Amino acid sequence: MVSQAKSKIIEKSRLTELLDKLAQGYDLIGPVQANGVSFRRVESGSEVTLDYINSVLSPKNAFFPQTETLFRFSRDDNQGFRIEPGAEADREQVIFGIRPCDARSLRLMDIVFNGQYKDSYYLNRREKTSLIGLACFNPDETCFCPTFGIDPASGEDVDILFSDIGDRYLVEASTDKGAALLDRFAKFFAELRGDEEQLREARKAGLAGMKKLDVSAIADKIAPLYGSNYWESISLKCLGCGICTYLCPTCHCFDIADVNLDEGGERFRCWDSCMFPEFTLMASGENPRPNRKTRIQQRFFHKLKYFHDRSAELACVGCGRCLRYCPVNIDITQIIEDVISGKARNE
Amino acid sequence: MPDTKEVQTEFKPKILAFCCNWCAYAGADLAGVSRFQMPTNVRVIRVMCSGRVPPELVIRALANGLDGVMILGCHPGDCHYSEGNYLTRRRAHVLKRLLEYIGIEPERFQLRWVSAAEGAKFSAVVKEAADKITALGPNRWGDKR
Amino acid sequence: MVAPRIGVFVCHCGTNIAGIVNVPEVVEYARGLPYVVHAEANLYTCSEEGISSIKHAIKEYDLNRVVVASCTPRTHQPLFRNACADAGLNPYLFEFVNIREHCSWVHMRNHQEATEKAKELVKMGVAKARWLEAQEEFESGVYPAAMVIGGGVAGMSAALNLANQGFEVHLVEKEPKLGGRLLKLNRLFPINKDPSELVESVVKAVEGHSKIRLHMPAVVKAASGYIGNFDVSIDEDGQETSFKVGVIIVATGAQVLEPKLYGYGKLDNVLTQLGLEQRLKDGEVGEFQNVVMINCVGARIAERPYCSRLCCMTAIKNAALMKEINPKANVYVLHRDLMTYGVEFEEYYRKAKEAGVRFIRYTLSNPPKVVGRKRVKAVKVYDELMDMEVELPCDLLVLATPLIPNDDNAELSKILKVPIGDGGFFLEAHVKLRPVEFAMDGIYVAGSCRWPADIRESITQGYAAASEAVIPLRRGLVKVEAITATVDPKICKGCGICALVCPFDAIELKESKIRGLEGKIVSEVNAALCKGCGLCAAACPNRAIQQRGFTDMQLLSMVNALSGKR
Amino acid sequence: MKATSEEVQTSVKKLFEDGSIGHFIGYETGSDSLHVTPCFLKSGQAASRLVWNPLCANNLSKYLLDFKKVEGKVGIMVKGCDSRSVVELLKENQIDRDKVFIVGIPCGGIVDTEKLLAVLGISPGEVVAVDDDGDAFLITIREGTRRVQKEQVLRGECLACRYPTSVIYDVLLGEAVSSLPWVNNDYIRVKELEALSLAEKERYWKRELSQCIRCYACRNICPVCNCPECIFDKKAPRWLSKANDVSENLVYHLVRAFHVAGKCVDCGECERACPMNIPLRSLNKKVEKDLLELFGYTAGIDVEQQPPLTTYQVGDLDEFL
């Protein structure tokens, strides 16, 4: 149901102008076409593309950048160090065009970064960010978000949802933050004409037949496959690259390193991938996951069991990026099916 | 309003020179013994043969922000190890073209031949490199991460 | 692993360094560098005091790395390495930083920048030192034989010296006769003796020596190997012969310049000094009344800036002889400066003047001019002292020309991998500190192939080279600098790139015998063949092969240090 | 005649039966009709899974490194480009010729699926099959069959392919193809980039290199990048920071271009694997072009040919006097 109070429309012809205004008041991040579509900081609305099913890189960079300075240090005169914090997001930022699957992934990342340990870097950005989602009516072959209870046309995890209903967007605020944003830019928005719900329902036809797997018992079903040679058969073709983990909106592992210069330096963190040989390499030279088989197993166990054990959620939103971009076509949906159906077993 | 004069510190490029022990390093020593005065920009790293210097070190040095890298070795045919400088020469031709292709001025990477007797040439090579690279301005690829 | 404890010793070198570089500032800077636990300045680090200071500091501060910032490793590295060894520190835990030849001497006008550069060089040296590792030197045997190239007086002296000490000597002479340039001379200065007395006795001793094997006429065609272990092949009268030697002495002499000046070669009464000696020797000098000699013909000019040293004495000798043969003759020596170094030589010159030889000084800008079309009839010269031009009647013009390098020096230099200097003469390792050695261990130099030398000097140098060369021969073992390549068989993938680039066939692909890697094909370095060039280390794609003393870690650390990274 | 999937299946079955091979590496249909995926067989029974069609982009030769210690010979399907990387693996002693059985397949070019979808204006799910039909591809979609000229939709490397037929094989399926009609002008893209000014080059490559997310897919998929421990994975010395910025990405990509210099056979896998669409072939092709022009060298042709940077001629070009 469209709630009248928080719902508006915007004519398509006014979108660029709105984005221009947003870019003036906020750090605006939107889908940009450059070597494929990815979310990047934009200065004006004209940089934004709407021609995408989903971006190559998920918007996680906006909260958890690939490389992030934690703090800087410099030597002081007394043989000691001065510490300065890394650059914090001092401006409010708006992400325009985030898909419902990616928006859900942020809720999953919150579990990690806002759990027992509070990650101020992530949380600071999260707090200062408003999400403007774009409903998805035209999913890719590789999409399977309904598997995880995600409605690609819903605004559950965003502040405002835009739905393309032909000549205009239906604009719905689902949080107070979203409502406030709508108020601030009220002049761009008009009242509903009444046919919006109907138009939206028509567009939802494109969502029929989306892949939806039954993952209700997956954590239990995958457990006995620890050490199974099923993973070996998958790992045979795996190249051990980081595409699946780096493009994944829920993967959140990072490494920390120092830059040590004469005059000081910085400590930074950067994405890491469980697919890499040095991921769990210890200083002694020992590595508990010494081969591709154990690494592949780790990736799927983390997503489908360990994360679930801790939070009752699965660390996947069905965005399909890992499948779409895997150069050897390793198919997570096939693996989930194999696990559910019992086809994956110890041989 | 008074003119806010921009205080421009003179650009002093930092240049690294790998010198082979037998020719170029000896040539640099001879330049010293002969008191051939030269710009202070160049820092020498001694290697036994110019062929010890892999492209990785050159690329790393440029990515570190050094303004120029030189490899100085024996003249072709004079290599103490017979053929090290011939291999260096092949690699350097490929590397030079690749660097230029990527947009790095070719003057920032040079291979030059300097014999043990060519103290004057060593100082001339240093001066030439310092002049050319000063004219280019700072290396725009460097980052100290 | 013990944490590095680095000591830095910065040398004033009197005022050589300290006159330009602010040494205390460099020392203070060094103290702040990573892992440096001690830094000090020395007036002369290479002096006994400096050396004992290093040894003392190693003990006092428990140093496990030593960095000396002074002159060049090419002359002083062994000294400082030995100092470390004496104090119980592995000599390979020493690193040299050159702030004299590469800094103070070439930046004399910019003290501040020179000081900054010196600091940075020290920083780089310290960065490398942090990663130095103790090394054991490889000992290799010395084949107890020598090759002496050149059967002139220097070569024969060296050969006899070595042979008399009991070592087999291969003496390789390109002419069919021993004796070299000496054979062509008429008299020797300053004793005025017939050289044949000297030559004959030396040649006889050489020819009759059971330890000397003569190869004549013969030229060296190829040489490979290293100190203690050279494989030589020569072309002996059309036949190829090969043999093994432990050391090589180069004594190939020089040649006399045949000038294109003063009508030489065109006018038939113009000779070189050597030509005159030949005529005197053969008794064919004929009648003469007016003899003019010109010195420095083709020497000390832009194209050939050096002084050949011998020509002045030769001219004095022959001028006096001519006067002796015909006391009524007018004998003039036109010179630019007279080189009569040494007490006896000055005396010799005085006697010639007393005998009536006239010496006239000319300048390069105003050289003598020859008068005459087919023959020289007179020589016009602008007399500097009288400040006027004089015309000297002349029926014999004798030109003193310099010794110039042999034409085949370049070829021999390539065969032996020893350098030749600017003028084309061979270049020793250091003009003062290592005067008869080449930089390449096991090869030595004597006589005029290095620089124009007279007979006495040639003999002395022959002896000197022999006495240096006999050290490894006598010891029977040489230590090979521990800069050879090593393979990490765990990482090596057996691609064989290293073996392809190795100029010495020192690398072979073999099945590993290491536990856990049995059967794996990996590179193996034959330390006896490896010369430490490091080509393999640069070519190996995953850096499984490293050159000791020049590892990636060490070189990269220097690059990073220069870039301001730690 | 072109080889078909059925022909591949029959041959492989026979090779298993007569004991010629104990393993086989080929292609099977992947997650949808527009994708194939590597297929590993231990017996002839499952040979019916094998396919051969213009979607078989993967260069399978890298997998040979994982089969060094197995019993029996490993059979592998190779296109022209793939066979050239097999030559390079042999050159580097990374595989044993006696332990591989090379099934060569003449190749008429591989489809660039992105280009195909754009040209046809359809979504991936609509494609049912892609077949080779001489100078065109036959695309079976739900509504019927469409014919698309190859030049419109071929992968970049196929547009420049000089070796469509395997240069080394034990058996060749189908008729050898000696040249492809559309291949004529080598290095067009490299020449365009060479013609840019230095400032334009810098701008271009800084933009491209800033895209890199350092997933290492280009390295990991590359058959001639076969070091068991890459120098970029080493802890000491650290050649590359884990931080992602242009200068680090420069080191990574230039050094990689150098490490594959004289070995790269332009199979195009690096560029295909790159999720960020960085024009990696333009880097490798540049080095390839220079090696050809400077030293007359082409990689992956002859096992006996010495790599160009491990040898020299006294008379080599010398620009450094």
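Here is how names work: the chains are called A, B, and so on, in the same order as the sequence lines, proteins then strands, and each is numbered from 1. These figures come from a predicted structure and were not determined experimentally.
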Item to complete: Decide if atom CD of D/E304 counts as having more than 12 heavy atoms of other residues, nucleotides or ligands within a radius under 6.0 Å.
Response: no

Worksheet item: Side-chain contact, heavy-atom cut-off 4.5 Å: D/Y252 with D/C218?
Response: yes

Practice prompt. Quick one: pull up OH in D/Y312 and OG1 in B/T88 and give me the separation to the nearest 0.5 Å.
Written response: 11.5 Å

Fill in: Audit row: D/L209, B/W141, side chain to side chain contact (heavy atoms under 4.5 Å, CB included) steps and yes/no
CA-CA 11 Å; D/L209 293 175; B/W141 288 85; 4.0 Å; yes

Worksheet item: Is there a donor-acceptor contact under 3.5 Å linking the side chains of B/R108 and B/N139?
Response: no

Response to the item:
Comparing B/K121, B/R89, B/E100 against chain D, the one with the most heavy-atom pairs below 4.5 Å turns out to be B/R89

Discussion item. Which atoms of D/A257 are under 4.5 Å from chain B, going by heavy atoms: the side chain, the backbone, both sets, or neither?
Written reply: side chain

Item to complete: Using a cut-off of 6.0 Å, state whether more than 12 heavy atoms not belonging to D/K206 lie near its atom NZ.
Response: yes

Worksheet item: In terms of heavy-atom pairs under 4.5 Å with chain D, which of B/I104, B/L98, B/V125 leads?
Response: B/L98

Fill in: D/S282 versus chain B, the contacting section by heavy-atom distance below 4.5 Å
both

Worksheet entry | Region of D/H259 that comes under 4.5 Å of a non-hydrogen atom in chain B | side chain

Worksheet entry | Heavy-atom pairs under 4.5 Å with chain B, option from D/L193, D/I231, D/L317 with the top count | D/L317

Discussion item. Is D/K242 close to chain B through its backbone or its side chain, or both, or neither, when contacts mean heavy atoms under 4.5 Å?
Written reply: neither

Worksheet item: So what's closer than 4.5 Å to chain B heavy atoms on D/L309: side chain, backbone, both or neither?
Response: both

Discussion item. Can you tell me which portion of D/E208 sits under 4.5 Å from chain B's heavy atoms? Options are side chain, backbone, both or neither.
Written reply: neither

Fill in: Side-chain heavy-atom pair D/R256, D/N284 within 4.5 angstrom cut-off
yes

Practice prompt. Against chain D, label B/L57 side chain, backbone, both or neither, depending on which of its atoms sit under 4.5 Å from a heavy atom there.
Written response: both

Worksheet item: With chain D, which of B/E56, B/Q110, B/H93 has the greatest number of heavy-atom pairs at distances under 4.5 Å?
Response: B/H93

Worksheet item: What residue in D/T310, D/V287, D/V314 has the most heavy-atom pairs under 4.5 Å with chain B?
Response: D/V314

Discussion item. Distance alone, cut at 3.5 Å: any donor-acceptor contact between the side chains of D/Y187 and D/R189?
Written reply: no

Worksheet item: Among B/R140, B/K132, B/K96, which residue meets the salt bridge (charged side-chain N to carboxylate O under 4.0 Å, His left out) test with B/E105?
Response: B/R140

Worksheet item: Under a 4.5 Å heavy-atom cut-off, does chain B meet the side chain of D/D290, its backbone, both or neither?
Response: side chain

